[in-house]
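To start, the structure under review is shown below, and the notes come after it.
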Amino acid sequence: MSAPYEATLAWAQAQDAADPLRSFRDEFLIPPHEGRDSHYFCGNSLGLQPRAVRPALSAELDYWGELGVEGHFKGRLPWMDYHEFVRDDLATVVGAQPTEVVAMNTLGVNLHLMMVSFYRPTPERHAILIEAGAFPTDRYAVESQIRFHGYDPTTALIELESDPSSGLISMEAIERVLTEHGSRIALVMLPGIQYRTGQAFDLAGITRLASRHGCMVGFDLAHAVGNMPLQLHDSGADFAIWCSYKYLNSGPGAVGGAFVHERHARTELPRFAGWWGHDKATRFQMGPEFIPTYGADGWQLSNPPILALTPLRVSLEIFRRAGMSRLRAKSLHITGYLEWLVKSQLHDVLQVVTPAEPERRGSQLSIRVLGGRERGRALFEYLMENGIIGDWREPDVIRISPAPLYNRYADCVAFAHTARQWASL
Ligand SMILES: *Cc1c(COP(=O)(O)O)cnc(C)c1O
């Protein structure tokens, strides 16, 4: 049997020509490099700008200019209900019911707001489980919450070590730590996809295990949202949080999101409240008593930043047309191709850290350069100089993410070709 892939540019270009999603690339601004499109593999860090964002922003500015305060009630999409205009598409992307999701704030803020409600430590049970090497915000946030409640992170912050040889975290390791410490863990807080390794986790499996030990479960979906299909509702997780500037292409510092499972929609758990979380029907009676609105909306503090929500609305409309299942199909194939190129053409210089099983990863491949950090940095800089845009994560990983909305198979060939060139220098 012949290999399913070929390393030639001609083969890659034929794939691009046959790609049912190929026209979506034209909806994005591709940053140029020396007068040509760069090979942009950094959608895991900052997704590209949809062309439709600028006119959409311009329209909101026009409403503001022409309507002033009346823009809250008039215009095509009145600002009063603006966060609701992204709700259904957001729910589809994360596999939730519309009332379980809300676009608000940023990831770090939402993580704290969620922990106010879902990290309720007691003397017997006050630990939080995260993965070792977690993204700094996640670690700082959980550590500061532990301190805020008067506990000591040196004992109450449990960090799940990855397997020393693979750098990955197995389900067995999660099971082991829960068996050992589950009775004192209040909250299990893990990523959907680990940012450094690109490993995807089984959210439903983790939730099942953690719930058996009586722990609350939250997921940080920064690298998972818009990258792989999610079934948040069915996973049973208590909450999740994410940002929207990575695979969701909603712009630098974009409005993030949160998921609160339906069973908490009317929770009596404490929360930090603001007027936009108040029952919509009576919000403008401006009464002294906070009556939370049903579902995730009840965690909103402020009236939403319309100009910041606009790119998210535009971007989610693209996701609606493309569909997560078609995006996933291309993502599996193009990431598989990139991996095959690395393994077949570059095995003497590069090693893929990300799991090989497609269901254990999204678009991102984390690639280690053999021979140490200095060589890694040298290759990374060579790639950047040649218009191959990835990113670097200390101590020795280059992250390359072919995003199915705008990356081409030809980009993968350019990556492999340029890396080969560097190795032959
Ligand atoms: C990108 C990312 C963040 C960023 O948090 P912000 O609040 O959006 O700045 C946090 N956690 C993880 C795991 C991330 O990948």
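Computed from a predicted model, the values in this text were never measured in an experiment. Both counts, for ligands and for their atoms, begin at 1 and track the order of listing.
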- Could you tell me the residue and atom name of the protein heavy atom closest to atom 3 (C) of ligand 1, and the distance to it rounded to 0.1 Å? Phe135 CE2, 3.4 Å
- Query: Considering only protein heavy atoms, which is closest to atom 14 (C) of ligand 1, and at what distance to one decimal place?
  - Reply: Lys246 NZ, 2.9 Å
Determine whether the aromatic ring centres of residues [Y] and [X] are separated by less than 6.0 angstrom.
X: His149; Y: Tyr119; answer: yes
X: Phe118; Y: His264; answer: yes
X: Tyr247; Y: Trp242; answer: no

- Query: Are side-chain heavy atoms of Ile388 and His33 found at a separation under 4.5 Å?
  - Reply: no
- Counterpart residues, salt bridge (charged side-chain N to carboxylate O under 4.0 Å, His left out), relative to Arg212 (two or more places apart): none
- Does Asp220 approach ligand 1 within less than 4.0 angstrom via side chain, backbone, both or neither, non-hydrogen atoms only? side chain
- Can you tell which part of Val109 has a heavy atom less than 4.0 Å from ligand 1: side chain, backbone, both or neither? neither
- Query: Which atoms from ligand 1 have a heavy atom of Tyr245 less than 4.0 Å away?
  - Reply: 1 (C), 4 (C), 5 (O), 6 (P), 8 (O), 9 (O)
- Hey, which atoms in ligand 1 end up nearer than 4.0 Å to a heavy atom of His223? 15 (O)
- Query: If every non-hydrogen atom of Thr137 is compared with every non-hydrogen atom of Gly108, which pair is closest and at what distance?
  - Reply: CG2-CA, 4.1 Å
- Message: Regarding ligand 1, does Gly108 bring an N or O atom to under 3.5 Å of one of the ligand's N or O atoms?
- Response: yes
- Item | Within-cut-off N or O pair, Asp138 and ligand 1, under 3.5 Å | yes
